[in-house]
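Report on the structure given below.
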Amino acid sequence: MQKHDPIPEFAQVSPSATIATATHGWRAKCLQRLVRLDLPVPKSVALPATTVRAIAAGHGVDCAGILDHFGDGPLISVRPSPANPDWGGPATILNIGLNAKRHARLAETHGETAADALYLRFIQAYAIHVARLDPDEFDGLKPGPGAVREALHQYEIETDEPFPEDPAVQLSEVLRSMARAWEGTSARLLRQAKGAPDEAALGLVVQEMAQGIGVGISGSGVIQFVDPVTGQRQITGRYLGQSQGRDALRTTEALYLTRDPRGPSLEEVAPDIFATLVDHGTICRARLREEMQIEFTVEDGRLAVLDAVKVQRSARANLRIAVALAEDGVIPREEAVMRVEPRALSELLHHQVDPRGPRDVFARGIAASPGAATGKLVFSSSAAQASASRGEACILVRRETSPEDIRGMHSAAAVLTERGGMTSHAAVIARGLGLPCVVGASELRLDARDKKLTALDGRTFREGDTVTLDGSKGEALAGVAEMLPPALDDSFRRLLSWADELRDIGIRANADTPADAETARKFEAQGIGLCRTEHMFFDEDRLIVMREMIFADTPQDRAAALARLLPMQRDDFVQLFEIMQGLPVCIRLFDPPLHEFLPQSREGLRELAEALDRPLSEVVRRAEALTEVNPMLGMRGVRLGVVLPEIYDMQVQAIFEATLESARRGAPVVPEIMIPLVSARREVELVKTRIDAVAAMVRTKAGATFDFKLGVMVETPRAALRAGEIAQHAAFLSFGTNDLTQMTYGLSRDDAGRFMNTYVRQGVFPEDPFHILDVEGVGELLHIGAERGRRTRPDLTLSICGEHGGNPESIDFCRKAGFDYVSCSPYRVPMARLAAAHLAVEERRRTI
Ligand code: PEP
Ligand code: MG
């Protein structure tokens, strides 16, 4: 066995010490960086995770040795240092080393009151966090004459031992309690909810106290240089005279940092210190390549930097910060792209309550996660899940959330909690999910048993009542509020344009209407990958003509109805081509079974009989005749195209005439025509022959020419298997993974919801295959189809256009399989663009 040097128990945080995030945690590493930047960091010692684990297992550590690093009679703090700051950790303990003797010395240097306050604070923290005594017995003690004596007495009563005087004993107990707290079940669950791995370990940092208490200018605070919600550059933070730790954040008496009309500021009270802090911030940003929040103290005018942590931020701020850092040359553009999680983009795309509309606010809390949503109130996670399965948006209300609520939160449109703060479970998880969230709405009275909320003004809201939650403002509004669509700012566009330079697969959008196409354009999709034309027939005025066409007795009657639909379709396509100018548009010919266009109710059938001027009995009989046992496997897609070819004739005529019209308007387009639900080459041949004939007819009539591409939608397993021969007649194959998943599994896309949860829970399927592409089964068909198709036609364009298209997992699959593009719903386009860039960069980094 190779012999390793023994791991030292602890290391002084010096510029050259061997300290790494993986072994000593983020805080220790960050402090070392600050030391290297020559910032005034108090002397610190880092305990690696191995040492902390050993302590938790009952081993001792050389506390006297640690204390020796700090000179004579030091006061020190111990702070947690896990590998990732988001994983939390046990509470920091300040002022270790205080005892009767040290208290007396402190009284001489800092005054009796300050010494008393610090000693009391230490006894309280030690009693509660280290000796684990009842907080109620200690929290109530207010600094003042006799409070220290009372606290010491209380400690002795509760533990039957005097309060430890020996600093080494104090330190050893603090280390032990923090090490053990990390191993506890609740701490484990909490950090796992934040994404920590099972084996996540804790390092600890012992640091010399830089008191924020003294005779001259003294205090403590935090400063950061960006707004954590918007990411705009702006100094924010708090400073409180004669305070320590994070006191400044807990009181309204704290000073502002910059000049502020609302009250005194550090900038005015101590301009030199303020200027130095700003310098430190600039150095941190440039050298640590991040926006940092700096925790500092001032003792008798001496500034100390205790810590710097990456500014906690919203997804919007994270993006803006990454872009700003890249634009200032602090990080490369690629790094900026990699710093933004593709899934986090959804938060930026969220709706906001329109500030110009009426706001009926019934509760206020902390704006914990931005965006706004309207939904029906539910009071439990199971009710949220039930609501989601009914397709109803809901707002989940809880006193506070715990890891058991995660599934409920996934199902909710927004989350409201009575308790909690910016870093509470609900807030952290909601931000991760991009869900609007308001926490700490403490003026609300929540009656979870009666499923009732009572507002301060006496109004009550019950389960099922509709409310709007504004996670950006921290308000709950009664009823439906007017919403603004998401704002896509410059940083957003710039980051995605950098992503576009890095990615190597195309991203198109599925867009059926001009409105969808506008959205696709706004999100910079590279074209339309799927336009489901049948959606164009559901407008009131078209539906009736469509029905006439369905009920036509003769080909002439059918032709007459189609002739009325033709100009409407042509207009649709002219609009689409105009919006998508210069980009490809792939139009799928009519796909659904015809009966979907008929009324379902008797009343509807009667109205139809009237409109068609036919007897009701006949309409009912014809409607029944169209009914199929398995409509999804029946007369739909290309089968309709073969049996009733006039429909496709009309559609392609409309496409070609629109193509000519677009060319006349100066926006030439090469339309892509896609045949759905193909399973045999002959189907494609039949449809192709007619399409070519229509094209010839339109060209002759117009005396002008145009190009188009014909392709096939591969959504039956047979089409994938026979892709080799199908590709003889197709310039492109687009895999419709919705139907292909349905048919590969023999699993109805409309009914799978009934048992999917059970199936996933019992591990039959790792995920719902309609959400996450089944790369093993459906994926194999994609591979076969792609490979056979390309063997026939090496320049065959390949894509997927099912719901899976926008998922990072599917994009990964498609890149590896050599597909040309994926097509997804317009709102997923930004995520897909970024995910594709991440995948390309990750692959390149792996191969370097
Ligand atoms: C598909 O089946 O994957 C597809 C995109 O078509 P639709 O969802 O319209 O059936
Ligand atoms: Mg389909």
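For ligands, and for the atoms within them, numbers begin at 1 and follow the listed sequence. Here, residue 1 is the first one in the sequence, and each next residue gets the next number. The figures here come from the full heavy-atom set of this structure, side chains too, leaving out hydrogens, waters and symmetry mates. Remember, it's a predicted structure, so these values are computed and weren't measured experimentally.
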Item to check | Polar atom proximity, G736 to ligand 1 (N or O, under 3.5 Å) | outcome: yes

Checklist entry - What atoms in ligand 1 come closer than 4.0 Å to a heavy atom of G802? => result 3 (O), 5 (C)

Checklist entry - Quick one: does R790's side chain have a donor or acceptor within less than 3.5 Å of a partner on G818's backbone? => result yes

Checklist entry - Any N or O of R588 that comes nearer than 3.5 Å to an N or O of ligand 1? => result yes

Checklist outcome for this item: salt bridge (charged side-chain N to carboxylate O under 4.0 Å, His left out) pairs touching residues 823-844, sequence neighbours excluded, are E334-R844, D500-R833, E524-R833, R815-E843

Next on the checklist: Is it true that, when you exclude Y759 itself, more than 12 heavy atoms of the residues, nucleotides or ligands shown sit nearer than 6.0 Å to its OH?
Outcome noted: no

Checklist entry - Which atoms from ligand 1 have a heavy atom of L530 less than 4.0 Å away? => result 5 (C)

Checklist entry - Between the main-chain N or O of E809 and the side-chain N or O of N807, is there a donor-acceptor pair closer than 3.5 Å? => result no

Checklist entry - Salt-bridged, R636 to E534, with N to O below 4.0 Å? => result no

Item to check | H595 and E628: side chain donor to acceptor below 3.5 Å | outcome: no

Checklist entry - Within less than 4.0 angstrom of ligand 1, does Q742 place any heavy atom? => result no

Next on the checklist: Could you work out, for atom 1 (C) of ligand 1, the closest of D591, I800, N738 by heavy-atom distance?
Outcome noted: N738

Item to check | Heavy atoms from other residues, nucleotides or ligands near CD of E780 exceed 12 (cutoff 6.0 Å) | outcome: no

Checklist entry - So, R682 and E685, do they make that salt bridge, N to O below 4.0 Å? => result yes

Checklist outcome for this item: Within a distance under 2.8 Å of the Mg ion (ligand 2), the protein atoms of type N, O or S are E715 OE1, D739 OD2

Checklist entry - Side chain, backbone, both or neither: which part of L740 comes within less than 4.0 Å of ligand 1 when only heavy atoms are counted? => result neither

Item to check | Minimum-distance protein heavy atom relative to atom 4 (C) of ligand 1 | outcome: M713 CE, 3.3 Å

Item to check | Residue, atom name and distance, where the atom is the protein heavy atom closest to atom 9 (O) of ligand 1 | outcome: R532 NE, 2.7 Å

Next on the checklist: Between C531 and M536, is there a side-chain heavy-atom distance shorter than 4.5 Å?
Outcome noted: yes

Item to check | Salt bridge flag under 4.0 Å for residues R665 and E661 | outcome: yes

